[in-house]
Colleague: 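Submitted below is the structure of interest, expressed as structure tokens.
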Amino acid sequence: MAARALRIAATADVHYAKHSRGLLHDAFAEISRDADMLLLCGDLTDYGLAEEAEELVADIRAAVRIPTIAVLGNHDFESGQPELVSKVLDDAGVSVLNGEAIEIAGIGFAGIAGFGGGFGRRMLNAWGEPLIKQFVQESISHAVRLEQALRIVVLHYSPIRETLQGEDPEIYAFLGSSRLEEPINRFKVNAVFHGHAHNGILDGKTSTGIPVYNVSAPALRKTGKLYRIVEL
């Protein structure tokens with residue numbers, strides 16, 4: 001008898017502020033009824049404050065009844081307190097990944113925020129001013145830390161250009177990087193989930209055909225829900 005597909009719910013860019021409690025309570029309750037696990041793909045807070053994370057955690061504690069994995073997004077770093085934001089989530093039972101891998105229901109998940117840098121031939125290279133070299137090195141570092149034995153990748157930034165369609169091309173370099181795609185293709189993962197592209201399209205594929213899902217809540221709003229469920 002074939003094993004039942006794992007139902008993965010995912011969302012991103014929920015941007016909880018200091019008075020956002022209740023924002024996703026109903027959605028989380030639906031997710032807990034309909035899915036086996038939940039992925040939160042970054043920009044969980046508005047300004048990266050522990051108080052904002054507490055608002056999100058209140059909804060998670062009240063309504064989420066399934067395993068939950070998260071990565072941080074750029075907004076979660078804004079106030080220089082990413083460790084505090086992560087601790088609030090960890091204390092609520094959310095597994096916050098920052099280059100690590102975790103196994104749930106026999107499936108390996110690897111997660112990291114990711115970084116910008118651009119795509120393909122227009123990808124930024126480590127040449128010139130020290131600030132540019134630091135920017136590129138950060139992108140390389142995030143890609144290297146994805147090199148785990150894994151099946152599902154959880155990111156904030158996109159590993160491909162395709163799901164960014166609808167965004168202004170001038171900001172593509174700040175929405176993701178091809179450097180994230182290389183380990184994904186090399187390890188032949190099953191799927192990738194990311195956020196950050198508020199105006200992007202929802203589905204794409206890497207150059208080797210691995211499905212990539214943009215789960216940014218603003219992009220998903222056109223479907224009538226702030227999350228999506230994918231069966232794998």
Colleague: For the residue pair His75 and Asp46, what are the closest heavy atoms and their distance?
Modeller: ND1-O, 2.7 Å
Colleague: For Thr163 and His194, which I'm curious about, is there any donor-acceptor pair between the side chains at under 3.5 Å?
Modeller: yes
Colleague: Has Ser86 got a side-chain atom pairing as donor or acceptor with Glu83's backbone, closer than 3.5 angstrom?
Modeller: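 Judged by distance alone, no pair lies under 3.5 Å.
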Colleague: Whether the Glu181 and Asn185 side chains hold a donor-acceptor pair (N or O, under 3.5 Å, no angle test) is what I'd like checked.
Modeller: yes
Colleague: Would you sort out whether His196 and Asp13 count as a side chain to side chain donor-acceptor pair (under 3.5 Å), showing the intermediate values?
Modeller: CA-CA 6 Å; His196 202 34; Asp13 305 292; 4.8 Å; no
Colleague: Evaluate the side-chain proximity of Arg7 to Asp36: yes if any heavy-atom separation is below 4.5 Å, no if none is.
Modeller: yes
Colleague: Using distance only, find each side-chain donor-acceptor pair of residues 220-231 under 3.5 Å and give its atom names and separation, not counting sequence neighbours.
Modeller:
from, atom 1, to, atom 2, distance (Å)
Thr223, OG1, Leu220, O, 2.6
Thr223, OG1, Lys225, N, 3.4
Thr223, OG1, Lys225, O, 3.4
Lys225, NZ, Glu30, OE1, 3.2
Tyr227, OH, Glu30, OE1, 2.7
Arg228, NH1, Leu202, O, 3.1
Arg228, NH1, Asp203, OD1, 3.4
Arg228, NH2, Asp203, OD1, 3.1

Colleague: Could you please spell out the steps behind the side chain to side chain donor-acceptor pair (under 3.5 Å) verdict for Asn214 and Ser158?
Modeller: CA-CA 8 Å; Asn214 174 17; Ser158 176; over 6 Å; no
Colleague: Within the side chain of Gln81, is there an N or O that forms a donor-acceptor pair under 3.5 Å with the backbone of Phe77?
Modeller: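 It does not hold such a pair.
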Colleague: Taking the side chain as C-beta and beyond, is there a heavy-atom pair between Leu175 and Glu167 under 4.5 Å?
Modeller: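 Leu175 reaches Glu167 side chain to side chain.
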Colleague: Would you say Tyr47 has more than 12 foreign heavy atoms packed within less than 6.0 Å of its OH?
Modeller: no
Colleague: Checking the side chain of Glu162 only, and the main-chain atoms of Lys205 only, is there a donor and an acceptor separated by less than 3.5 Å?
Modeller: yes
Colleague: What's the shortest heavy-atom distance between Val215 and Cys41, and which atoms?
Modeller: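 Heavy atoms only, the tightest pair is CG2-SG, 3.7 Å.
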Colleague: Can we say Glu52 and Lys18 salt-bridge, meaning some charged N sits less than 4.0 Å from an Asp/Glu carboxylate O?
Modeller: no
Colleague: Does the distance from a Lys or Arg side-chain N to an Asp or Glu carboxylate O, for Glu182 and Arg186, drop under 4.0 Å?
Modeller: yes
Colleague: For the atom pair CD1 (Ile69) and CD1 (Ile104), what is the distance rounded to the nearest 0.5 Å?
Modeller: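 Spacing of CD1 (Ile69) from CD1 (Ile104) equals 3.5 Å.
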